[in-house]
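Only one structure is covered here, and it is reproduced in the block below.
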Amino acid sequence: MNISFHLNGRPVTVRVPSGKRVVDVLRQDLNLTGTKEACGSGECGACTILVEGRARLSCLMLAVQLKERHVVTIEGLASGGLLHPVQEAFVEYGAVQCGFCTPGMILAAVDLLKRNPLPSGEEIREAVSGNLCRCTGYARIVDAILAASRRMARGKKR
Amino acid sequence: MNRVHLPRSLEGAWEILDRVPEARVYAGGTDLFVKLQGEARSRAVLVCLERIRELRGIRDAGKHVWIGACTPYTEILSDPSVQEHFPVLSDAIRKLGSPLIRNMGTMGGNICTASPAGDTLPPLYILEATLEIRSHSNTRRIPVQDFILGPGQARLEPGEILSGIEIQKGHPYPVHFYEKVGQRQALAIAVVSLAVMMRLSEAGDIEAIRMAFGSVAPTVVRPLPIETQLAGAPLDEKTLREAGAMLQAHLFPIDDIRASARYRRRVSANILQRLRLRGKASMKDSHRFGP
């Protein structure tokens, strides 16, 4: 069947078999391999995407559920050749090691900062508690999100 | 052929269920798609309820609050009437899954999945929630504890859809809490869980209490004799130790990958001691903010 939705700001239509998951459509049909799959059961957060601005697990959604929705993947976060402030902070703070959890982690953080522009460290830890990282020990990830939040808040004031 | 349906109304959902009685119904998919993988997923006929407006939202109806069965947990958490009247439910939802799971999962799903470990179930049992179940021709209401029969088994007839959860307001229990013992903080399935609502006297004794345990039997356990026993008792170590011993007759736990039955029994008894901490904390609060 054909499904039309908005992906990273552009309208797309894909032909997908019934029962195909969102993560598979993104990676196989749309060639957006930034969205990762690890556990396939909602426990690791590597497949996180934004649907209508909210972080969701693309391994537990069928493609048909995207019909007419606005979807953002990690590929759609940078704009005009500039990284999103959360991406920038991840680079700056060394919050990336193997990088597998990074797309999901960043999108979960983007969702958080939209609802809560100046979160505490505790609130950040809670917000990314569904995104597992096996490399960094999380400290730098939390630092990066904290730094991004401050930078974004300052940017808004100006 | 399209096997996955996204109806916009209950009428639309019933129309599919009439035509394809074996169709499976889901909302968030956080449970279904863990189990339904590969070939089985591409062959299944599925009805996703997430776009049906009639099944979403939270309404304060005066004496009770109605929560749409397909309202994602995140929305329930941010609702002021839920926070005000049912803190034990908010507490349990905050400890359920992860933020990502809570953005997708729904209470209707938690109830129909009928897992002994379902985090919203112990609170719903002590809040004595009523479920609203709709079909083409009928709407019926049933107490949550009569709806759930065992692991994965619920009293849902073909063509019926759990549409909402009704919870009475004005429970005379100021202290609410949900304790969950799991293998880690986020994304843990409960090894033992306990939902409590209680009222303490000025001296700090238990005046009245309701409690329900999860993950210790095929369904949630609400040990009414213990509630009765504890009413009027002092909130001390000895009382709770005795209650923990009495409790054992009400538990039917199993050994599984998460814990042994023996461990579940022991934790269920020990977790009752948390009542003292929560009781003390609430006394402090009432002194601080009291008249």
Side-chain angles (χ1 to χ4, degrees), chain A residues 1-3 5 15-24 37 39-69 101 104-105 107-109 111-112 115-116 119 122-133 138, chain B residues 1-8 16 20 23-24 26-52 70 72-75 77-78 93-106 109 113 182-189:
Chain A
M1 85 190 104
N2 285 320
I3 299 164
F5 59 102
R15 191 172 170 72
V16 293
S18 173
K20 194 162 186 174
R21 300 176 308 169
V22 170
V23 61
D24 298 325
E37 180 182 5
C39 74
S41 59
E43 294 187 68
C44 76
C47 69
T48 302
I49 58 169
L50 300 180
V51 180
E52 301 296 313
R54 295 314 303 260
R56 281 179 152 245
L57 296 156
S58 63
C59 77
L60 298 180
M61 281 181 81
L62 298 183
V64 61
Q65 290 177 253
L66 294 185
K67 210 167 146 185
E68 294 157 27
R69 298 288 204 219
C101 74
M105 201 65 89
L107 290 169
D111 180 10
L112 167 71
R115 284 173 296 111
N116 181 0
E122 195 46 50
E123 287 168 329
I124 292 171
R125 282 173 196 278
E126 159 62 23
V128 299
S129 61
N131 297 80
L132 302 191
C133 173
Y138 301 99
Chain B
M1 192 190 94
N2 176 26
R3 295 170 201 269
V4 185
H5 303 271
L6 205 60
R8 311 255 169 178
I16 302 155
V20 196
R24 298 184 70 172
Y26 76 99
T30 56
D31 227 48
L32 180 70
F33 293 127
V34 174
K35 294 169 196 146
L36 198 65
Q37 300 266 5
E39 264 297 287
R41 193 180 54 235
S42 15
R43 276 201 312 269
V45 179
L46 301 172
V47 182
C48 176
L49 303 179
E50 73 179 2
R51 304 224 180 166
I52 302 181
C70 297
Y73 293 122
T74 305
E75 268 175 55
L77 273 184
S78 61
I93 294 176
R94 261 192 300 274
K95 292 170 181 161
L96 181 154
S98 70
L100 298 162
I101 296 286
R102 295 194 290 270
N103 282 347
M104 303 172 75
T106 69
T113 297
Q183 290 178 328
R184 54 182 161 139
Q185 294 240 311
L187 290 161
I189 293 173

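Below, chain A is the first sequence line, B the second, and so on; all start at residue 1.
- Put simply, CD on B/Q37 and CZ on A/R21 are 6.0 Å apart, with the number rounded to the nearest 0.5 Å.
- With a 4.5 angstrom heavy-atom cutoff, B/R51 touches chain A only via side-chain atoms.
- Of the atoms belonging to B/I101, heavy atoms from both backbone and side chain fall under 4.5 Å from chain A.
- Heavy atoms from other residues, nucleotides or ligands lying under 6.0 Å from CZ of A/R115 number more than 12.
- Both the backbone and the side chain of B/L100 come within less than 4.5 Å of a heavy atom of chain A.
- Heavy atoms closer than 4.5 Å to chain B are found nowhere in A/N2, neither backbone nor side chain.
- Here the CD atom belonging to A/E68 is positioned 8.5 Å from the CG atom belonging to B/L6, to the nearest 0.5 angstrom.
- The residue among A/G104, A/P17, A/A55 with the most heavy atom pairs within less than 4.5 Å of chain B is A/A55.
- Contact of the B/M104 side chain with the A/M61 side chain is registered, since non-hydrogen atoms from C-beta on lie closer than 4.5 Å.
- Between A/A127 and B/P99, the shortest heavy-atom distance links the atoms O-CG, 3.7 Å.
- Of the inter-residue distances, the one linking B/N103 atom CG with A/E52 atom CD reads 12.5 Å to the nearest 0.5 angstrom.
- The greatest number of non-hydrogen atom pairs below 4.5 Å with chain A, out of B/R41, B/K35, B/R43, is found for B/R41.
- Under 4.0 Å is where a charged nitrogen must lie from a carboxylate oxygen, and between B/E50 and A/K67 no such pair does.
- Both the backbone and the side chain of A/S129 come within contact range of chain B, judged by heavy atoms closer than 4.5 Å.
- Of the two parts of A/L112, neither the backbone nor the side chain holds a non-hydrogen atom closer than 4.5 Å to a non-hydrogen atom of chain B.
- Contact between B/Y26 and A/L62 at its shortest, heavy atoms only, is OH-CD1, 3.8 Å.
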